[in-house]
Amino acid sequence: MRIATWNVNSVRARLPRLLPWLEEHRPDVVCLQETKVVDELFPTSYLEDQGYDVVAHGQKTYNGVAILARRGIRDVVRGFPDDAEDAQARAIAATIDGWRILNLYVPNGAEVGHEKYQYKLAWLERLRRYLDAAFCADDQIVVCGDFNITFDDRDIHDPAAWHEQILCSTPERDALRRVMDFGLFDALRKHHAEAGIHTWWDMRTRAFARGAGLRIDHFLVTRPALDACNAVDVDLDACRGKSPSDHAPVIASFA
DNA sequence: ATGGTCGCGGAGCGA
């Protein structure tokens, strides 16, 4: 089982990159974030032509998540149980081939102390409550997506410049740790201990060309899934060439 | 470089 996570920054704008990428890599499951489209306008037929079933949870202009899978998708849950009717579309869960998958687009938070930052921290508390209520750490569960949080300074190209800044602050990391305490492990770190592995680069400062990225897209997996995990790798090739996303895809392989 | 570039939607916001 090979599962990919990729913040595509608009699924419709990224189709010219996404479709050939699917053809090349053929992952069994693909979790997309920032699809930026309502479900009625999701480019489902293009993805079905690539052999994928599609479940989406989107909204106009902002946010939006989707799961593509080459096998049957079951037990789809959109959003959080305590979401309001107009809640931001940031979570979708599904079961594929015995694997429970939760695909997340964690709020960015704007800047430390901002109203959006408080929303981010509260959202992570709601995520933990959702995990406690609807998931079991003894099952094979993969929680993946754009978490908009670095775990530690190995995930930052310039730790001094980002010290206690958004995506790197202690309260964010503590909130992520409380999510992990449900019984999740950072799957990439099973295979790679080194610093300098990044998944996002600021478009405004052409950060990819400068090698100035952060690792904020993660595979968080339960112990049974961690034991089955053979590899987790970032596909930097998807960031080169014409009109890439500002995030790289991450692919995890499971026995 | 307190700037810069995308995407959406058709001005300004979010990232």
- Could you list where the contact with chain A starts and ends along DNA chain B, reading 5' to 3', using a 4.0 Å heavy-atom cut-off? B:dG4 to B:dA15

- Do any of residues 56-64 of chain A sit with a heavy atom less than 4.0 Å from DNA chain B, and if so which? A:K60, A:T61, A:Y62

- Message: If you assign A:R12 and A:N148 each to the DNA chain B nucleotide with the nearest heavy atom, which residue ends up on the more 5' nucleotide?
- Response: A:R12

- Quick one: label A:R210 by what it contacts on the DNA or RNA (base, sugar-phosphate, nothing), any heavy atom closer than 4.0 Å. nothing

- salt bridge (Lys or Arg N to Asp or Glu O under 4.0 Å) pairs touching residues 107-127 of chain A, sequence neighbours excluded, are A:D82-A:R126, A:D83-A:R126, A:K120-A:E172

- Item | Ring center gap for A:H198 and A:F208 short of 6.0 angstrom | no

- A:P171 versus A:E164: any side-chain heavy-atom pair under 4.5 Å? yes

- Task: May I ask you to list the residues of residues 201-208 of chain A, by number, that have any heavy atom positioned under 4.0 Å from an atom of DNA chain B?
- Result: A:M203, A:R204, A:T205, A:R206

- Contacts satisfying salt bridge (Lys or Arg N to Asp or Glu O under 4.0 Å) that involve residues 193-203 of chain A (not counting sequence neighbours) are A:D202-A:R204

- Message: Within the supplied structure, the quantity of interest is the number of heavy atoms (other residues, nucleotides, ligands) at a distance under 6.0 Å from A:H163 NE2; does it exceed 12?
- Response: no

- Decide whether A:T150 and A:D155 meet the rule of one side-chain donor and one side-chain acceptor closer than 3.5 Å. no

- C1' gap between B:dG3 and B:dA15, integer Å: 16 Å

- Message: Which residue is it: A:D152, A:D153, A:D186? I am looking for the one with a salt bridge (Lys or Arg N to Asp or Glu O under 4.0 Å) to A:R173.
- Response: A:D153

- Heavy atoms from other residues, nucleotides or ligands near CD of A:E23 exceed 12 (cutoff 6.0 Å): no

- Query: Do the rings of A:W99 and A:F254 sit parallel, tilted or perpendicular, given the 30° and 60° boundaries?
  - Reply: tilted

Identify every side-chain donor-acceptor pair in residues 131-143 of chain A under 3.5 Å, counting partners at least two apart or on other chains, and give the distances.
from: A:D132; atom 1: OD1; to: A:R128; atom 2: NE; distance (Å): 3.0
from: A:D132; atom 1: OD1; to: A:R128; atom 2: NH2; distance (Å): 3.4
from: A:D132; atom 1: OD2; to: A:R128; atom 2: NE; distance (Å): 3.1

- Message: Reading DNA chain B from 5' onward, which residue's closest nucleotide shows up sooner: A:S10 or A:P107?
- Response: A:S10

- Item | P-based separation of B:dG9 from B:dG4 [nearest Å] | 24 Å

- Query: Counting heavy atoms not belonging to A:Y119, are there more than 12 under 6.0 Å from its OH?
  - Reply: yes

